[in-house]
There are 2 protein chains.
Amino acid sequence: MVRKTKEEAEATRLQIIEAARRVFLECGVGSTSLEKIAAAAGVTRGAVYWHFKNKTDLFFAMREDAVLPFLDRVVFDAEANDPLGGVEHALQEIIRILVDQAQTRETFEILAFKCEYVGEFSSMKGCTAGQMDFLGMLTDAYRRAAAKGQLRLPADPEMLAYDTFLFVGGLIKHWISSTPDERFRTDAERFITQHVALRRA
Amino acid sequence: MVRKTKEEAEATRLQIIEAARRVFLECGVGSTSLEKIAAAAGVTRGAVYWHFKNKTDLFFAMREDAVLPFLDRVVFDAEANDPLGGVEHALQEIIRILVDQAQTRETFEILAFKCEYVGEFSSMKGCTAGQMDFLGMLTDAYRRAAAKGQLRLPADPEMLAYDTFLFVGGLIKHWISSTPDERFRTDAERFITQHVALRRA
DNA sequence: TTTTATACAAACACGAATGTATGTAAATAG
DNA sequence: CTATTTACATACATTCGTGTTTGTATAAAA
């Protein structure tokens, strides 16, 4: 029919990604047909197959779209003279992202509860590279905190990092699966504050 | 064909459940057909539909089969005079169950990574009743520990319980998705010991 | 300006999964 | 010992999703 300009084509590509996120969230990745996504995006399967190789390709495109802004915002300042405060700040920032970035929150919910890690997906089942990066950054931050005498002794920075890493994993999972009035959401900030306070000298 | 006795019928029922667990683990719940399960169990779909209403029914039967032994083993002794040690013991017991109860471990892996919580499954997406029980038992244990002066001050038992609850959630998830040589498995006991030590007065 | 590649829509062909219905031999009830 | 129910296997009908192919109006390239 009417051929679109490059800009319009890119717009429909984004429409498809957004529609996929909505439908994945509601129906699960496995039981979502490309027909449903196409309908939700106001196009036909032809458009979906034009922009994406198949459902898996579309899934990973949707994932990139939401994970990249996440990596930008969660950072540890290696120069600051309050490394422990930096850890707390980074964790609080994660919660803030979940609060105000709907696409990131929804994508995390899809990744955690609406997706089966099998076949092509099994590669990212456990720790992604990004997650291990986060663990490494936590370790570095605790090492700097230890060097500044901020940590309660005896303290092994690496072990503390694992403890925090596991805490954050659980927190994100339960935050996502909660309703806004449940304590995992209402008290998330306090949980973080207390978690870090347990380490303070 | 040959009609089986009641005992034989119950045996094939268990065969089907075990086959379902294997196939769910390999293929994911959503993309597992009842034909695959039947073949893996050495029966036909007729047998599956005889014993279970449909795939969802079979899934929940498999879940019960593995979760019940779990609840029996993870307990907090309310009478002991070392509540904090009881917490550590209970957490270590969880890891021991994952190590030596293959069916429980595999079922947890299915629940965490091979299942989409949508439709009939969405009810158990977040915290099951059993999980909230566990949180309550943790809180009670920390309260008793506080009463005995075992906790480092200032300490809010309930907040400590949430911190531990989130830690355990992350630990189970990462333990399950790890290979036996990865640190989440090799060092799980140390993580627990250190986690509890952080609270000790 | 002509040509070509683009951005889809529409139609087609195929397999796969589901639920049900039917058949049946043997266990069990009476 | 007969009648009935059980514990499946087998066959059937139908729906649904996928990947591909074809058609086409138009934007962009030459």
Side-chain angles (χ1 to χ4, degrees), chain A residues 1-62 110 114-116 118-121, chain B residues 1-62 110 114-116 118-121:
Chain A
M1 309 297 217
V2 247
R3 157 144 187 219
K4 311 292 182 57
T5 68
K6 282 188 185 298
E7 297 78 25
E8 288 172 318
E10 181 60 21
T12 68
R13 193 189 116 98
L14 286 181
Q15 280 176 36
I16 292 171
I17 287 183
E18 289 167 20
R21 178 156 34 231
R22 290 200 307 273
V23 184
F24 283 157
L25 189 61
E26 189 192 339
C27 306
V29 176
S31 10
T32 291
S33 65
L34 292 183
E35 172 60 35
K36 267 188 202 166
I37 296 177
V43 296
T44 66
R45 272 172 52 245
V48 177
Y49 275 105
W50 172 255
H51 285 282
F52 307 95
K53 192 185 166 197
N54 50 33
K55 194 164 71 176
T56 305
D57 189 36
L58 170 54
F59 173 83
F60 281 108
M62 177 210 69
I110 292 169
K114 311 300 176 87
C115 172
E116 296 179 1
V118 71
E120 313 168 281
F121 292 71
Chain B
M1 307 300 214
V2 247
R3 151 130 192 236
K4 311 292 183 57
T5 68
K6 281 188 186 298
E7 297 77 28
E8 289 173 317
E10 181 58 24
T12 67
R13 194 189 116 96
L14 286 180
Q15 281 176 35
I16 292 171
I17 286 184
E18 289 166 21
R21 178 155 35 231
R22 291 200 305 274
V23 184
F24 283 157
L25 189 61
E26 189 193 338
C27 306
V29 177
S31 9
T32 291
S33 65
L34 292 183
E35 172 60 36
K36 266 188 201 165
I37 295 177
V43 295
T44 66
R45 272 171 53 244
V48 177
Y49 274 106
W50 172 256
H51 285 283
F52 307 95
K53 192 185 167 197
N54 50 33
K55 193 163 72 176
T56 305
D57 188 37
L58 170 54
F59 173 83
F60 282 108
M62 177 211 70
I110 292 169
K114 310 300 176 86
C115 171
E116 297 178 0
V118 73
E120 311 169 282
F121 292 72

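The chains referred to below are lettered A, B, ... by the order of the sequence lines, with proteins before strands, and numbering in each begins at 1.
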Could you tell me how far apart [X] ([atom1]) and [N] ([atom2]) are, to the nearest whole angstrom?
X: E10(B); N: dA27(C); atom1: CD; atom2: P; answer: 18 Å
X: L14(A); N: dC8(C); atom1: CG; atom2: C1'; answer: 16 Å
X: R13(A); N: dT6(C); atom1: CZ; atom2: C1'; answer: 16 Å
X: E7(A); N: dT6(C); atom1: CD; atom2: P; answer: 15 Å
X: K6(B); N: dA26(C); atom1: NZ; atom2: P; answer: 18 Å
X: L58(B); N: dG19(C); atom1: CG; atom2: P; answer: 12 Å
X: E8(B); N: dC8(D); atom1: CD; atom2: P; answer: 8 Å
X: F52(A); N: dA7(C); atom1: CZ; atom2: C1'; answer: 13 Å

message: Any salt bridge linking R21(B) with E18(B)? Criterion: basic side-chain nitrogen under 4.0 Å from a carboxylate oxygen.
response: no
- prompt: Got more than 12 heavy atoms from elsewhere within 6.0 Å of CD, Q15(B)?
  reply: yes
Contact under 4.0 Å: [X] side-chain N or O vs [N] OP1/OP2:
X: W50(A); N: dC8(C); answer: no
X: Y49(B); N: dG19(C); answer: yes
X: T12(B); N: dC8(D); answer: yes
X: H51(A); N: dC8(C); answer: yes

field: E116(A) versus C115(B), closest heavy-atom pair with distance
entry: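 That closest heavy-atom pairing would be CG-N, 3.6 Å.
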Heavy-atom pair of closest approach, residues A41(A) and I16(A): CB-CA, 4.0 Å
- prompt: Among dT18(D), dC8(D), dG19(C), which is the nearest nucleotide to the side chain of N54(B)?
  reply: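 Among the listed nucleotides, the one closest to the side chain of N54(B) is dG19(C).
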message: As a test of reading the structure: which of dA9(D), dA10(C), dA11(D) is closest to the side chain of R45(B), going by heavy atoms?
response: dA11(D)
- prompt: For the helix from dT1(C)-dA30(D) to dG30(C)-dC1(D), what is the angle between the axes at its two ends, each from 5 pairs, rounded to 10°?
  reply: 20°
task: Report the distance from atom OG1 of T5(A) to atom CD of E10(A), rounding to the nearest 0.5 Å.
output: 10.5 Å
task: Walk me through it: do F52(A) and M62(A) pass the test side chain to side chain contact (heavy atoms under 4.5 Å, CB included)?
output: CA-CA 11 Å; F52(A) 307 95; M62(A) 177 210 69; over 6 Å; no
task: Show your working on side chain to side chain contact (heavy atoms under 4.5 Å, CB included) between K53(B) and F60(B) and close with a plain yes or no.
output: CA-CA 11 Å; K53(B) 192 185 167 197; F60(B) 282 108; over 6 Å; no
field: Within residues 20-43 of chain A: residues closer than 4.0 Å to DNA chain C (heavy atoms)
entry: V43(A)
message: Looking at E26(A) and V23(A), would you say the former's side chain and the latter's main chain have a donor-acceptor pair under 3.5 Å?
response: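 A pair under 3.5 Å: no.
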message: Determine whether K114(A) and T32(A) satisfy the following criterion, side chain to side chain contact (heavy atoms under 4.5 Å, CB included), listing intermediate values before the conclusion.
response: CA-CA 10 Å; K114(A) 311 300 176 87; T32(A) 291; over 6 Å; no
